[in-house]
Amino acid sequence: MNSVERLPRDFFIRDVLDVTPEILGKFLVVRSANGVLNRFSVTDAEAYRGSEDKACHAFKGRTPRTEIMFHKGGHLYIYLIYGMYWMLNIVTGEENNPQAILIRGVENFSGPGKLTKSLGIDKSFYGEDLVLSERIWIEDSGVKPVYKTGPRIGIDYAGDYWMNKPWRYYLINK
DNA sequence: TCAGTGATTAGG
DNA sequence: CTAATCACTGAG
């Protein structure tokens, strides 16, 4: 199987600011409807750090939607935005330390809403465990990512201080 | 620049 | 129950 290369729990149980740059260049593996495995290199991601980050959905506390972010790292946090797009997030850190990585882009697909639509990721993936799931996980690629950082997108409501944190990480030149 | 679209949330 | 909000996208 592919369990040899699959990233283990330890990878995800670290601070989101350490995990986010490292997930760049790694493979997001998704099983399609016909059972075929597809691999996509992660190109663009953002860190959300609930314990202090005003832009993080978990900042205001535990709700049914944000519940999974309070669990240990490796699970998926999925939510619908603007009534149309599913957002794919990977929970990181220890239990009760809500953090997550928004997957903003993968190879051949730019934009968090477009990539979930293309990969068939929806609400049914909420809470899925990347360490155990048979239909979605992350694999090491052996690639050492060369990346840049910048402000996160679409979080004006969080105010200048949090808006300007350079917590978006993206691969340079594809 | 701006509308589409509906789950989620806080509040009465 | 109501109403506001929204980690986006594509058209113009």
Side-chain angles (χ1 to χ4, degrees), chain A residues 11-26 28 30 40-130 136-138 145 147-172 174:
Chain A
F11 178 84
F12 302 101
I13 304 193
R14 294 179 293 148
D15 190 272
V16 69
L17 295 180
D18 294 325
V19 182
T20 308
E22 288 185 30
I23 208 149
L24 295 175
K26 296 216 167 20
L28 173 66
V30 183
F40 305 92
S41 173
V42 177
T43 59
D44 195 342
E46 290 176 354
Y48 289 86
R49 208 157 176 242
S51 51
E52 52 176 37
D53 181 6
K54 219 174 163 183
C56 182
H57 290 164
F59 177 77
K60 291 181 199 148
R62 207 183 271 247
T63 67
R65 182 179 64 152
T66 62
E67 169 68 24
I68 196 67
M69 270 198 276
F70 291 80
H71 291 224
K72 65 187 174 188
H75 297 270
L76 295 186
Y77 167 47
I78 310 283
Y79 68 93
L80 187 68
I81 190 71
Y82 298 114
M84 285 177 246
Y85 305 102
W86 295 103
M87 299 288 101
L88 170 61
N89 299 255
I90 298 172
V91 176
T92 64
E94 302 280 358
E95 196 168 358
N96 293 318
N97 184 0
Q99 312 180 325
I101 301 168
L102 170 65
I103 304 301
R104 178 167 282 287
V106 298
E107 194 176 18
N108 301 328
F109 299 106
S110 298
K114 291 198 297 187
L115 83 86
T116 52
K117 188 176 179 189
S118 302
L119 274 49
I121 292 168
D122 59 18
K123 182 77 177 178
S124 76
F125 284 79
Y126 182 95
E128 196 90 359
D129 190 346
L130 293 174
I136 187 166
W137 62 87
I138 306 287
Y147 62 89
K148 285 188 180 177
T149 63
R152 294 171 294 176
I153 308 297
I155 56 161
D156 298 17
Y157 64 86
D160 287 348
Y161 180 78
W162 293 105
M163 202 170 71
N164 292 328
K165 286 266 182 207
W167 287 359
R168 179 186 182 194
Y169 301 78
Y170 53 99
L171 289 181
I172 296 172
K174 102 178 204 164

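Each chain gets a letter, A, B and so on, in the order its sequence line appears, and its residues count up from 1.
- Using a 4.5 Å heavy-atom cutoff, the side chains of A:R62 and A:N96 are in contact.
- A:Y169 approaches A:P21 most closely through the heavy-atom pair CD2-CB, 3.8 Å.
- Rounding to whole angstrom units, CZ of residue A:F59 and C1' of C:dT5 are separated by 17 Å.
- Residues that satisfy the salt bridge (charged side-chain N to carboxylate O under 4.0 Å, His left out) test with A:K26, not counting sequence neighbours, are A:D140.
- Within residues 147-168 of chain A, the residues having any heavy atom under 4.0 Å from DNA chain C are, by residue number, A:I153, A:G154, A:I155, A:Y157.
- Partners of A:D15 by side-chain hydrogen bond (donor to acceptor under 3.5 Å, both in side chains), not counting sequence neighbours, listed by chain and number: A:R49, A:Q99.
- For the side-chain hydrogen bond (donor to acceptor under 3.5 Å, both in side chains) test, no residue two or more places apart in sequence or in another chain qualifies with A:E94.
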Every protein N/O within reach of nucleotides 5-9 of chain B N/O, cut-off under 3.5 Å:
residue: B:dT5; atom: O2; partner: A:Y82; partner atom: O; Å: 2.5
residue: B:dG6; atom: N2; partner: A:G83; partner atom: N; Å: 3.4
residue: B:dG6; atom: N3; partner: A:G83; partner atom: N; Å: 3.4
residue: B:dT8; atom: OP1; partner: A:K123; partner atom: NZ; Å: 3.0
residue: B:dT9; atom: OP1; partner: A:T63; partner atom: OG1; Å: 2.4
residue: B:dT9; atom: OP1; partner: A:R65; partner atom: N; Å: 3.2

Q | Dot-bracket encoding of pairs in DNA chain C, which uses [ ] for pseudoknotted crossings and | for another strand, Watson-Crick or G-U under 3.5 angstrom | A | ||||||.||||.
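- Here the CD1-CD1 distance, from A:I23 to A:I103, works out to 5.0 Å after rounding to the nearest 0.5 Å.
- Nearest approach of A:P64 to A:Y126, heavy atoms of both residues: O-OH, 3.3 Å.
- Residues A:I90 and A:V19 form no side-chain contact, since every pair of their non-hydrogen atoms from C-beta on lies 4.5 Å or further apart.
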Between the protein and nucleotides 10-12 of chain C, which nitrogen or oxygen pairs are less than 3.5 angstrom apart?
none

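- With sequence neighbours excluded, the residues that form a side-chain hydrogen bond (donor to acceptor under 3.5 Å, both in side chains) with A:R14 are A:E22.
- A heavy atom closer than 4.0 Å to some atom of DNA chain B occurs in no member of residues 88-102 of chain A.
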Cut-off 3.5 Å, no hydrogens considered: what does the side-chain donor-acceptor table look like for residues 151-163 of chain A, sequence neighbours left out?
residue: A:R152; atom: NH1; partner: A:A47; partner atom: O; Å: 2.9
residue: A:R152; atom: NH1; partner: A:D53; partner atom: OD2; Å: 2.6
residue: A:R152; atom: NH2; partner: A:D53; partner atom: OD1; Å: 3.2
residue: A:R152; atom: NH2; partner: A:W162; partner atom: O; Å: 3.1
residue: A:Y157; atom: OH; partner: A:A55; partner atom: O; Å: 2.9
residue: A:Y161; atom: OH; partner: A:K165; partner atom: NZ; Å: 3.2

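- Residues A:T116 and A:F125 fail the side-chain proximity criterion, which asks for heavy atoms closer than 4.5 Å.
- In plain terms, the two heavy atoms of A:G150 and A:Y170 that are nearest each other are N-CE2, 4.3 Å.
- For A:D122, the salt bridge (charged side-chain N to carboxylate O under 4.0 Å, His left out) test picks out no residue, with sequence neighbours left out.
- Listed by chain and number, the residues in a side-chain hydrogen bond (donor to acceptor under 3.5 Å, both in side chains) with A:T63 are A:T66 (sequence neighbours excluded).
- From A:I13, atom CD1 reaches atom CD of A:E95 across 9.0 Å, with rounding to the nearest 0.5 Å.
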